[in-house]
Amino acid sequence: MDERDVSELLRDLPRLRAGAGFPAAVRNRLRRVSPLRRGIRIAAPAVAAAAAFAFVLRLDARRKDRELRQETRALAREIEEMKRTLPSPLVEVGGENGARYVVDLRRLPGRRDGVL
């Protein structure tokens with residue numbers, strides 16, 4: 001069967017015209033949404049928002065972790081510098097609330113990769 005045979009067969013089919021309400025019926029059917037699609041329409045934005053929120057939380061946690069590690073390294077460097085330069089290993093630390101502490105730098109652990 002070649003193209004000419006198919007054309008002849010198609011010409012032999014009776015010609016029908018769509019009814020007056022056919023376009024409206026097609027549009028109405030397309031507008032109707034199945035419950036599954038309705039659920040997807042409702043859930044998709046919520047899932048996207050949850051994913052974005054989780055991403056932002058993770059970025060914030062990483063940033064805080066990085067800042068905490070930097071602060072810890074800075075404190076470790078400062079304590080090491082104090083151990084080398086102070087005449088006495090005892091350091092008096094005063095708080096704003098009036099509490100005063102004496103810290104023996106010899107009892108502080110040594111540095112391990114910049115972290116106490």
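The salt bridge (charged side-chain N to carboxylate O under 4.0 Å, His left out) contacts involving residues 10-21 comprise nothing, where partners must be two or more places apart or lie in separate chains.
Hydrophobic cluster of Leu68: no remaining members, since no ILVMFWY side chain lies below 4.5 Å from it.
Considering only residues two or more places apart in sequence or on other chains, Leu10 meets the side-chain contact (heavy atoms from CB on, under 4.5 Å) condition with Val6, Leu13. For Glu81, the side-chain hydrogen bond (donor to acceptor under 3.5 Å, both in side chains) partners are Arg84, not counting sequence neighbours. The salt bridge (charged side-chain N to carboxylate O under 4.0 Å, His left out) check on Arg4 picks up Asp2, with sequence neighbours excluded.
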For residues 51-66, which side-chain N or O atoms pair as donor and acceptor with protein atoms under 3.5 Å away, sequence neighbours left out?
unit_1, atom_1, unit_2, atom_2, d
Asp60, OD1, Arg63, NE, 3.4
Asp60, OD1, Arg63, NH2, 2.5
Asp60, OD2, Lys64, NZ, 3.4
Arg63, NH1, Glu67, OE1, 3.3
Arg63, NH1, Glu67, OE2, 2.9
Asp65, OD2, Arg69, NE, 3.3

